[in-house]
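What follows is one structure encoded as structure tokens, with my remarks underneath.
Indexing begins at 1, ligand by ligand and atom by atom, following the structure's order.
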Amino acid sequence: MSDSTGSVLVVNSGSSSIKYQLVDPTTGEARASGIVERIGEAAGSVRHEVGDAVTQRELPVPDHGVGLRIVLGLFDEVGPSLADAHVVAVGHRVVQGGPRFSGPVLVDAEVERQIDELSPLAPLHNPPNLTGIRVARELLPDVPHVAVFDTAFFHDLPAAAATYAIDRDVAAAYQVRRYGAHGTSHQYVSREVAAFLGRPLEDTNTIVLHLGNGASASAVRGGHAVDTSMGLTPLEGLVMGTRSGDIDPAVLIHLQRNAGMSVDEIDDLLNRRSGLKGMSGENDLRAVHQLAADGDEHARTALEVYTHRIKKYVGAYAAVLGRVDAIAFTAGVGENDDQVRAGALEGLAPLGIELDAERNAGRKKAPTIISTDASRTTVVVLPTNEELAIARQAVEVAGAS
Ligand code: ADP
């Protein structure tokens, strides 16, 4: 099936996985998608989906290069053929663009070097992102490769929101500032919300609540981010599946001094043994709800802490924006969990935010208004699509190259 509009191969390369999607950047259709998992372990796996057809392979995947070769082999074997799909660009998700990258860029050796240089700011993410870029460029040398940064949408945050109130020389020496994350999603959702509501983007103030395994909030004024909850790293802000979000930094000092915990142990605690998982034992909200329904007090508290934190950010960003035209829920939890949505906005009618229980009920696969007609702020569920957003940016950059 040849197609003149072309496709974009979107690649999200993690430390032990490669997620990919072949996207039609015009229609948003995912022509194929898949994931290579447990790279570097004795037993790996590859899952390749084309429509309802799933091809699953269990085999060792020693490194990212082999993983990507297997994926390209599957495109050849079960389709769709990449030659026929006319791949116009490969879009790579890169977590940390630091102070350097304010938008997507065509990858060359210099860009690779700069992504590498930013690794101390994102040691878990940038190195595998870069590995994915390197092997993909080697295997698909004739296609432009574009890096799309998770931080770019927040590159121009006002200094008031981006600056940590610490010694400015220390901050400058170690590039300590708030970079944000999930920017591709926040940008996509804030634009789609304005379009969905038929409002001009430049006159729309939106609070975006991206609630997935990772979770973040942003305040967007006229298409520009003016604040966001993630900071130097994706650890700050909302309560997440396994991450604490906001915490008094003195807790770290206390644990180091009094529990004898090392830096690595504290890192592990805050990133992997905190959040919903730390409080309830489960990181998936469906499981936390089940525990709470069965009477588990820890799970109930975890849900309260989770929704309370979101509510605090909504209030804070209402103050930052002054006028809030829309609040958008997105990602796994935001799109599917009506209890969290209701809990997070409960009692906010005095701020002009009022949910309609019937409209809010259930999972949402498409943009849906869930506030009452009387609500001053329109609350919507707006499914995110980071792959499509990356694909579109890749086409823009590749087209201009
Ligand atoms: P990621 O950050 O990994 O991209 P997602 O946006 O896919 O995460 O969100 C995953 C999370 O969404 C799950 O951990 C789970 O908590 C939540 N989730 C998914 N489906 C539902 C559902 N039907 N009800 C409640 N929560 C859900």
Pairs touching residues 357-368 that satisfy salt bridge (charged side-chain N to carboxylate O under 4.0 Å, His left out), sequence neighbours left out: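 Salt bridge (charged side-chain N to carboxylate O under 4.0 Å, His left out) check on residues 357-368 returns Asp356-Arg359, Arg359-Asp373.
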Sequence neighbours excluded - salt bridge (charged side-chain N to carboxylate O under 4.0 Å, His left out) pairs with any residue from residues 90-107: Arg93-Asp150
Donor-acceptor pair between Tyr164 and Glu236 side chains, under 3.5 angstrom: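 Their side chains do contain a donor-acceptor pair, which is all the 3.5 Å distance test asks for.
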Donor on one side chain, acceptor on other, Asp337 and His289, under 3.5 Å: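 Yes - a donor-acceptor pair under 3.5 Å links their side chains.
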Shell of residues surrounding ligand 1, defined by a 4.0 angstrom heavy-atom cut-off that is strict: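 Only Gly212, Asn213, Gly214, Asp284, Leu285, Arg286, Ala331, Gly332, Val333, Asn336, Asp337, Arg363 have heavy atoms that fall under 4.0 Å of ligand 1, ordered by chain and number.
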Just list the side-chain donor-acceptor pairs under 3.5 Å for residues 151-158, sequence neighbours left out, or say none.
residue, atom, partner, partner atom, Å
Thr151, OG1, Gly97, N, 2.9
His155, NE2, Pro99, O, 2.8

Check ion pair Glu304-Arg300 (N to O, under 4.0 angstrom):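 Between Arg300 and Glu304 there is no salt bridge, as every charged N stays at least 4.0 Å from the carboxylate O atoms.
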